[in-house]
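Heavy-atom basis, side chains included; hydrogens, waters and symmetry copies ignored. Chain letters run A, B, ... following the sequence lines, proteins first, then strands; residues in each count from 1.
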Amino acid sequence: MSPTGVAVQDAAAGSSSRQIVNDFNIQVATVNGSGSQTANMVLFRSLFQMGIPVSGKNLFPSNIAGLPTWYTIRASKDGYVARKREIDVLVAMNGETARDDVMGLEPGAAVVYDEPMQLSALRDDVIFYAVPFDKIVAEVCPDAKLRRLVRNMIYDGVLAKLLDVDLAQVEAALNKQLGRKVKALALNQAALKGGYDYAVEHLTKQDPFVLESMGSSGDKILIDGNAAAALGALMAGVTVVAWYPITPSSSLCETLIEYLRKYRVDKETGKATFAVVQAEDEVAAIGMTLGAGWAGARSMTSTSGPGISLMAEFTGLGYYAEVPAVIFDVQRGGPSTGLPTRTAQGDILSTAVLSHGDTKHLMLLPSSMVECYSMAIEAFDLSERFQTPVFVMSDLDLGMNAWMSEPFEYPAEPPDRGKVLDAETLKRLGEWGRYRDVDGDGIAYRSLPGDGMPAYFCRGSGHDADAAYSERADDYEDNLNRLAKKFETARSAVPVPVTEREGEGTVGILAYGTTHWAVLESCDQLAREAALAPTYVRLRAFPFTDELGAFIDRCDRVYVVEQNRDAQMLALMRMEMSPERIAKLRSVLHYGGMPIDARSITDAILAGEGHALAPANGDMPA
Amino acid sequence: MATTASSSQKKANRIGLELQPYRGSKTTLCAGCGHNAISERVIHAFFEMGIEPSRVIKLSGIGCSSKSPAYFLGGAHGFNGVHGRMPSIGTGAVIANQQMIAVGTSGDGDTGAIGIGQFVHLMRRNLPIIYIIEDNGCYGLTKGQFSPTADLGSKLKTGVANDLPPIDTCALAIELGASFVARSFSGDKKQLTAVLKAALSHRGTAMLDVISPCVTFNDHAGSTKSYAYARDHDEPLGEVNLIPYFQEIDVEYDAGSTHSVKMHDGSHLLLKKLEADYDPTDRLEAMRILHETSRRGEFATGVIYVEPDKEDFIELLNLVDEPLSTLPLERVRPTKAALDEIMEELR
């Protein structure tokens, strides 16, 4: 097959009058704990191998087994990887949700379902394909105890046939997924073939959805953001990792542990050049991270909202006593326990000023797999350079879902370990005080335990420029002012915003993190539907850099798109910017826990710009 | 010994240092505070063991006790953290640089209340650190409220009696797997110095609960943490004597009445038995002694439990011998080939 850029073609086969190629959304509805993840990843990987831009979103409950779960795979020849709300192809495996799943479909959608559920009478405007999963699995898997594990692979076979995918592609994906597990591989191959053969014999293609190879995945990789961040930490030379399990961040440290064990054990001695401690809670995790950072190690922790709340006091210590630490916040729905398995950008405001008293923290805002990796490395450099905690603000969508990505580049630079006192510097300075601003940038020289340089007493209580205990007003003010100056220095060191779309006119869009992907798609919708061409700028860090103000200045209106209720990034901008600039800002917000989609943004901006909305699609507004 | 001080010179220790470098800044605690006596013992113990102050990291939480590190070992690296969380800072610091000698001071509130969680897990990990609880049964800095080590029925100055049972930090530490557990009294110079020296010879967590009366808020009649009460109810398990690894054992002792424990660094801990048949390496015995003395309203002092060869946290983590903090780039950044290999696996 040749690559195609055409979504709608004349039908060459089947009863459908048209074909929709590489531009639709597949949703698999199962029960969690039923082993559907392998089948879903194999399907996802098949599309990836065919060079079709693909994205996967796992919508799962906070539960071990027995509750509904949905996995959505979006094929998009145009390269859109944000969530799309409309489902085109449904695989209904969960009797509990099947009815709702079917009723929520667009007219013309296709449904593959487990035959006993008898869904076909529910609607006459969607196409149903009944598949007797139990019967097929009994034929392909003689051992009754193992049937549960391979049953889901049958729908991959059925879909391969229905969507016109070469079975060899799916087999290759399966092999990649389970390659080392020989027995499991054989059983799954049989199930895959069983599903495919059933579809060949019993199903007649009636829907328009087909997949066509667009070449190959080339150099690209498939990875999730937590693994990408773990790789960044690995390449940054992290030596101390302290963590406490929490969804959705656990896999960051777990993946890091795997990489560390493989790549960071001394060949000669068999000993580790790293320490990983699973702490008793997030308070201890950040405490260990700061203790190690103070002692000169590159140290990190990883958590999510509830952990961030617990880390507040220690973060203030890190800020005030000036101790490096890297904290990954893989954000989820909150407050409180909130929605542990749903995504959000809801920790932005609280993290920026985490802890009591006057505090401000550096935050990096990755949008992609490459940035999860590169910003992890950058976070270590910034935290040591500025001797302060640095937060990498990921989210569940970025951290736990698999994404296509360009491969990661080897770090070009050695780590920036910051201003660590050495004999030469000490000689140059003549006299050293831990918090003396000798360079005028707010950053002082620190000594490390065991380095032979003068010691100091690091403390969270009031101290003077020589780190001695002090309750004097002038010492306290001097210190806070120097910390503010240090923050100003950081302003010119953090990643600058990226102009993702240079538009025409004076409407701007500002977004960050995973919201980026939906905004890109929204820009195209706005152009197509309303001939609007906003300039889209993507934020990558806090503190804000001068580029942000300049962007706002050249716009009449800027829509700040984010995934929280309270317009948190806009609120941060309000703290820093002039009323003239603030007056230009509008909010587009999305906070139900599902990743933001382009339609929601487009509708909100069209409304804001006084355009009539596109016809209602029956879904909830943003 | 490397240094032999003549009578005309100030006395120097085995690494040629006098006592002065082991001192810290002037204390700001109350005159007569037990904590100052403990600081003084720390100064002497480190001096006598000949430990270079710059090789020491001293840690603390928040409270009167946690101010102490400022008053000893001025040349050591100090970190005064947040309330009750010294164990986590210590854990991070020690694994970042295992070559440092860590000593932490905490209080009974800092350990027994806000910090009990971190205390518990520190004991489980057997991190190499000396953990001193300066135990006065009350919160001094906030003006005398009861802490969790206050005995049942012990009275505040106002006459209010404590109505909750105390936490015995020594029993808790033994139960949780601490490998060196001692209790002492700030007024017992000889014993406390010996216990501290023994702790310095130990590899693993050395937990020292030191009864340290608060002269301002908890030194009155009716208090069970007063100087008078402590003197009357101190029940030494035996004489403690630490013969450092760098000294010949020239003490003659009777093996029948003295228990000798070879410490991790080769030092010998000699414990003269007052309690018949007491074996400080027997965990059940240690628990029995603690419970029996406590039932009598006494507190047993001395080295209560020691397990000199228990695997410590550094060994458990299988760390390279050099400090993690200063490993060169080539040992902590995998090669480009490694990254390429990872990328290939992800394709």
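Summarising the local packing, CD of B:Gln145 is surrounded by more than 12 heavy atoms from other residues, nucleotides or ligands at distances under 6.0 Å. Residue A:Gln177 qualifies as enclosed at atom CD: its count of foreign heavy atoms under 6.0 Å is above 12. Summarising the local packing, CZ of A:Phe380 is surrounded by more than 12 heavy atoms from other residues, nucleotides or ligands at distances under 6.0 Å.
Taking the ring axis of A:Tyr456 as reference, the NZ or CZ atom of A:Arg434 stays within 45° of it and closer than 6.0 Å to the ring centre. Annotation: cation-pi geometry satisfied between B:Lys67 and A:Tyr469 (NZ/CZ under 6.0 angstrom from ring centroid, within 45° of ring axis).
Each of A:Gly218, A:Ala236, A:Pro454, A:Ala297 has some count of heavy-atom pairs under 4.5 Å with chain B, and the biggest count is that of A:Ala297. For the options B:Ile57, B:Ile342, B:Ile62, heavy-atom pairs under 4.5 Å to chain A are most numerous at B:Ile342. For the options A:Asp266, A:Leu231, A:Leu448, A:Leu290, heavy-atom pairs under 4.5 Å to chain B are most numerous at A:Asp266. Note on B:Arg55, B:Gln118, B:Lys58: by heavy-atom pairs under 4.5 Å with chain A, the leading option is B:Gln118. Counting heavy-atom pairs closer than 4.5 Å to chain B, the top residue among A:Gly460, A:Gly450, A:Ala321 is A:Gly450. When each of B:His121, B:Glu52, B:His77 is checked for heavy-atom pairs under 4.5 Å with chain A, B:His77 comes out on top. Of the residues considered (B:His83, B:Met86, B:Glu341), B:Glu341 shows the highest number of contacts with chain A, using heavy-atom pairs under 4.5 Å. For the options A:Arg298, A:Arg45, A:Glu313, heavy-atom pairs under 4.5 Å to chain B are most numerous at A:Glu313. Comparing B:Pro87, B:Ser88, B:Gly81, B:Ala96 by heavy-atom pairs within less than 4.5 Å of chain A, the highest count is held by B:Ser88. Contact count versus chain A (heavy atoms, under 4.5 Å) is highest, among B:Ile314, B:Val332, B:Leu329, for B:Val332. Between chain B and the residues A:Ala272, A:Ala295, A:Gly296, the largest count of heavy-atom pairs under 4.5 Å involves A:Ala272. When each of A:Pro449, A:Ala275, A:Ala292, A:Ala284 is scored by its heavy-atom pairs under 4.5 Å with chain B, the top score falls to A:Pro449.
Interface remark: B:Met100 contributes side-chain atoms only to the contact with chain A (heavy atom separation under 4.5 Å). Using a 4.5 Å cut-off between heavy atoms, A:Leu222 contacts chain B through both its backbone and its side chain. When heavy atoms are compared at a cutoff of 4.5 Å, B:Arg333 approaches chain A by way of both its backbone and its side chain. Heavy-atom distances place both the backbone and the side chain of B:Leu319 under 4.5 Å from chain A. For A:Tyr373, the part sitting under 4.5 Å from any heavy atom of chain B is the side chain, from C-beta outward, and nothing else. Looking at A:Val283, both its backbone and its side chain come within 4.5 Å of chain B, counting heavy atoms on both sides. If you measure heavy-atom distances from A:Val265 to chain B, you find no contacts under 4.5 Å at all. Looking at A:Val420, neither its backbone nor its side chain comes within 4.5 Å of chain B, counting heavy atoms on both sides. Of the atoms belonging to A:Met404, not a single heavy atom falls under 4.5 Å from chain B. If you measure heavy-atom distances from B:Ala338 to chain A, the contacts under 4.5 Å come from both the backbone and the side chain. Residue contact with chain B, scored on non-hydrogen atoms closer than 4.5 Å, involves the side chain of A:Ser461 exclusively. At a 4.5 Å heavy-atom cutoff, A:Leu260 makes no contact with chain B through either its backbone or its side chain. Using a 4.5 Å cut-off between heavy atoms, A:Phe274 touches chain B through its backbone atoms (N, CA, C, O) alone. A:Ala242 does not touch chain B: none of its heavy atoms, backbone or side chain, sits under 4.5 Å away. Proximity to chain B (any heavy atom under 4.5 Å) is shown, for A:Gln49, by neither the backbone nor the side chain. Looking at B:Glu345, the atoms closer than 4.5 Å to chain A (heavy atoms on both sides) sit in the backbone and in the side chain alike. When heavy atoms are compared at a cutoff of 4.5 Å, A:Arg417 approaches chain B solely by way of its side chain, counted from C-beta outward. With a threshold of 4.5 angstrom between heavy atoms, A:Ser217 does not approach chain B through any atom at all. Contact of B:Gln99 with chain A is not made at all, since no heavy-atom distance falls under 4.5 Å.
Side-chain contact check for B:Phe313 versus B:Val94: every heavy-atom pair is 4.5 Å or farther apart. Counting only heavy atoms from C-beta outward, the side chains of B:Leu17 and B:Pro53 approach each other to under 4.5 Å. You'll find the side chain of B:Val320 reaches within 4.5 Å of the side chain of B:Arg331, heavy atoms only. Using a 4.5 Å heavy-atom cutoff, the side chains of A:Ser383 and A:Met300 are not in contact. With a 4.5 Å cut-off on side-chain heavy atoms, B:Thr169 and B:Met207 count as touching. Side-chain contact check for B:Ser179 versus B:His202: some heavy-atom pair is nearer than 4.5 Å. Side-chain contact between A:Glu280 and B:Arg124 is absent, with no heavy-atom pair separated by less than 4.5 Å.
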message: side chain to side chain contact (heavy atoms under 4.5 Å, CB included), that's the test. Do B:Arg23 and B:Leu19 meet it? Break it down for me.
response: CA-CA 7 Å; B:Arg23 297 200 176 279; B:Leu19 193 61; 3.4 Å; yes
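No hydrogens or angles considered: nothing links the side chains of B:Thr335 and A:Tyr263 as a donor-acceptor pair under 3.5 Å. Under 3.5 Å, the side chains of B:His35 and B:Ser212 contain a donor-acceptor pair of N or O atoms. No side-chain N or O of A:Ser355 forms a donor-acceptor pair with one of A:Thr315 less than 3.5 Å apart.
Rounding to the nearest 0.5 Å gives a distance of 10.0 Å between CG of A:Asn226 and CG of A:Asn401. With rounding to the nearest 0.5 Å, the separation of CG in A:Leu234 from CD1 in A:Ile377 is 9.0 Å.
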